[in-house]
Amino acid sequence: MVKFMIFLFVILEVMFTVECDELSKCDKPNTCHNKERNIEYFKYFLLVQQDPEGFCYVFNCMSDSYSAQKTWTLHGLWPSNDKSYTPYKCCGPVNDSFNMSQIEDIKSRLHSVWPNLKGFDIDFWGHEWCCHGRCAKPLLQTEHDYFTKVLALYNTYNFGNILNSGKIYRHNEIGYNRSEILNAFDNVIPEAKFKLKLECNRKMLNGTPKLVLWQIKLCLDRKFFPTECDPNETDTCLNNEFIYYYKHQEEHQ
């Protein structure tokens, strides 16, 4: 019976297709950006990765999220202009719908490095394609183009590996200056302080409210090389406070 249920799940996963307009979390009033899709439609990309330990401490994930993920995972690749106008939910024909069969050959890798920490992976992938991936045309023309490119970028810029190489380690009692975190990226991304944006939330840690790092965004040009971010791009880790690279402890589950 168990084997049959696993087989049925696999079949249903492969057949999974959803019209992008059905993803309510992607819909916003008057944000159907149906302009011509040309290279000038957006200025740069944001490669966004999240730290499962920090993310789950801040946003209360499913109980097994801490143990299942040991390194930074993907959030997405977002065509962007600036904070006030970001291509989002670019409208398109019905064949723009998210179709799991189009990425079947990379499914196992997606489950590994692009999980949904608070739900089903397929829902997360569908959201990222419908809300962001469709806006990447014509540079990334198809659903498969989009997901394979993001995986390749993740292999090149794995934020968890870069932090470790730069001697930024998890610790709940010792915080880092913002400059220390950014400098850790310099060997891989020269002048990283201009090309990265850090995301923090204030959470109680050891009885004191502290800034917990949970997400980093890398700005990439239209050829997918690191570039300076728009000054309006969101950054929520303050310059004048220590930033904590959270280390999961069993009692926080």
Side-chain angles (χ1 to χ4, degrees), residues 31 33 35-51 54-55 71-90 113-114 128 131-141 145-168 175-201 211-243 245:
T31 58
H33 298 149
K35 295 183 178 181
E36 289 185 25
R37 289 170 174 170
N38 53 58
I39 293 178
E40 298 301 325
Y41 181 48
F42 56 89
K43 296 178 181 177
Y44 61 96
F45 290 96
L46 289 172
L47 177 64
V48 188
Q49 295 178 34
Q50 52 197 12
D51 170 36
F55 179 93
T71 188
W72 286 62
T73 58
L74 285 162
H75 188 160
L77 181 70
W78 305 342
S80 302
N81 283 308
D82 55 44
K83 183 180 178 182
S84 62
Y85 182 69
T86 298
Y88 188 78
K89 194 207 163 194
C90 301
V113 303
W114 202 334
E128 291 301 307
C131 296
H132 303 286
R134 293 191 301 169
C135 300
K137 297 184 178 184
L139 296 183
L140 300 174
Q141 189 66 28
D145 291 341
Y146 175 74
F147 284 98
T148 53
K149 185 62 179 180
V150 181
L151 290 178
L153 290 169
Y154 177 82
N155 290 339
T156 302
Y157 305 108
N158 183 303
F159 295 168
N161 292 344
I162 294 172
L163 288 169
N164 286 337
S165 296
K167 299 183 179 180
I168 301 296
Y176 294 95
N177 292 316
R178 176 189 175 82
S179 60
E180 291 179 290
I181 295 175
L182 293 174
N183 289 343
F185 284 81
D186 274 343
N187 287 336
V188 178
I189 306 167
E191 296 293 315
K193 64 182 179 180
F194 301 112
K195 302 169 184 176
L196 292 168
K197 295 292 182 177
L198 310 182
E199 296 277 358
C200 294
N201 275 40
L211 288 178
V212 176
L213 176 67
W214 64 273
Q215 183 163 271
I216 296 178
K217 298 181 288 188
L218 170 63
C219 296
L220 302 171
D221 63 23
R222 295 189 298 256
K223 294 183 179 180
F224 303 101
F225 293 110
T227 189
E228 290 191 20
C229 298
D230 188 286
N232 294 317
E233 189 59 56
T234 303
D235 191 316
T236 57
C237 297
L238 304 178
N239 281 318
N240 59 349
E241 290 190 40
F242 284 120
I243 297 169
Y245 188 18

Practice task
Verify side chain to side chain contact (heavy atoms under 4.5 Å, CB included) between Trp214 and Leu198, making sure each step is shown before the conclusion.
Solution key: CA-CA 8 Å; Trp214 64 273; Leu198 310 182; over 6 Å; no

Problem - Nearest-0.5 Å distance that lies between atom OH in Tyr146 and atom SG in Cys135 - result: 9.0 Å

Exercise for the section: Indicate yes or no: at least one non-hydrogen side-chain atom of Asp51 is less than 4.5 angstrom from one of Phe159. Expected result: no

Practice task
Carefully, step by step, assess Leu163 and Trp72 under the rule side chain to side chain contact (heavy atoms under 4.5 Å, CB included).
Solution key: CA-CA 10 Å; Leu163 288 169; Trp72 286 62; 3.7 Å; yes

Problem - Polar side-chain atom of Tyr157 near backbone of Ile189 as donor-acceptor pair, under 3.5 Å - result: no

Completion exercise
Nearest heavy-atom contact between Leu213 and Cys237 is CD1-SG, 4.1 Å

Practice task
Specify the closest pair of heavy atoms between Gly166 and Ala184, including all atoms of both residues, with the distance to one decimal.
Solution key: CA-CB, 3.9 Å

Completion exercise
When every non-hydrogen atom of Phe45 is compared with those of Ala136, the smallest separation belongs to CE2-CB, 4.0 Å

Practice task
Would you mind reporting whether Glu128 and Trp78 have side-chain heavy atoms less than 4.5 Å apart?
Solution key: yes

Handout entry: Validation row: Asp235, Arg178 side chains within 4.5 angstrom (heavy atoms)
Key = yes

Problem - Backbone N/O of Asn232 and side chain of Asp230: donor-acceptor pair under 3.5 Å - result: yes

Exercise for the section: State whether the number of non-hydrogen atoms from other residues, nucleotides or ligands found under 6.0 Å of Lys197 atom NZ is greater than 12. Expected result: yes

Problem - Worked check of side chain to side chain contact (heavy atoms under 4.5 Å, CB included) between Ile216 and Val48 - result: CA-CA 6 Å; Ile216 296 178; Val48 188; over 6 Å; no

Problem - Separation between OH of Tyr154 and CG of Leu47, rounded to the nearest 0.5 Å - result: 10.0 Å

Completion exercise
So CG of Leu153 and OG1 of Thr148: to nearest 0.5 Å the spacing works out to 9.5 Å

Handout entry: Non-neighbouring partners of Tyr176 that pass ring pair (Phe, Tyr, Trp, His ring centres under 6.0 Å), sequence neighbours left out
Key = none

Practice task
Any chance you could measure Cys200, atom SG, to Leu238, atom CG, to the nearest 0.5 Å?
Solution key: 7.5 Å

Handout entry: Side-chain heavy-atom pair Asn201, Val212 within 4.5 angstrom cut-off
Key = no

Practice task
Working to the nearest 0.5 Å, report the span between CD of Gln49 and CG of Leu74.
Solution key: 5.5 Å

Exercise for the section: Quick one: closest heavy-atom pair of Glu180 and Ile168, and the distance? Expected result: O-CD1, 3.7 Å

Practice task
Determine whether Phe147 and Leu151 make a side-chain contact, defined as any pair of heavy atoms from C-beta on separated by less than 4.5 Å.
Solution key: no

Exercise for the section: Compare every heavy atom of Glu199 with every heavy atom of Thr236, then report the nearest pair and how far apart it is. Expected result: OG1-OE1, 3.0 Å

Problem - Side-chain donor or acceptor of Ser165 paired with backbone N/O of Ile162 under 3.5 Å - result: no

Exercise for the section: Report yes if some heavy atom in the side chain of His132 is under 4.5 Å from a heavy atom in the side chain of Pro79; otherwise report no. Expected result: yes

Exercise for the section: Verify side chain to side chain contact (heavy atoms under 4.5 Å, CB included) between Thr234 and Lys217, making sure each step is shown before the conclusion. Expected result: CA-CA 9 Å; Thr234 303; Lys217 298 181 288 188; 3.7 Å; yes

Problem - side-chain hydrogen bond (donor to acceptor under 3.5 Å, both in side chains) partner of Tyr44, chosen from Arg222, Glu228, Glu233, Lys195 - result: Glu233

Problem - Straight-line distance of Leu220 CG to Leu77 CG, nearest 0.5 Å - result: 7.0 Å

Handout entry: Student check: side-chain heavy atoms of Leu218 and Leu46 closer than 4.5 Å
Key = no

Handout entry: Asp221 (side chain) donor-acceptor with Thr227 (main chain) under 3.5 angstrom
Key = no

Completion exercise
For His75 and Trp114, the nearest pair of non-hydrogen atoms, with its separation, is O-NE1, 3.2 Å

Practice task
Indicate yes or no: at least one non-hydrogen side-chain atom of Phe185 is less than 4.5 angstrom from one of Asn187.
Solution key: no

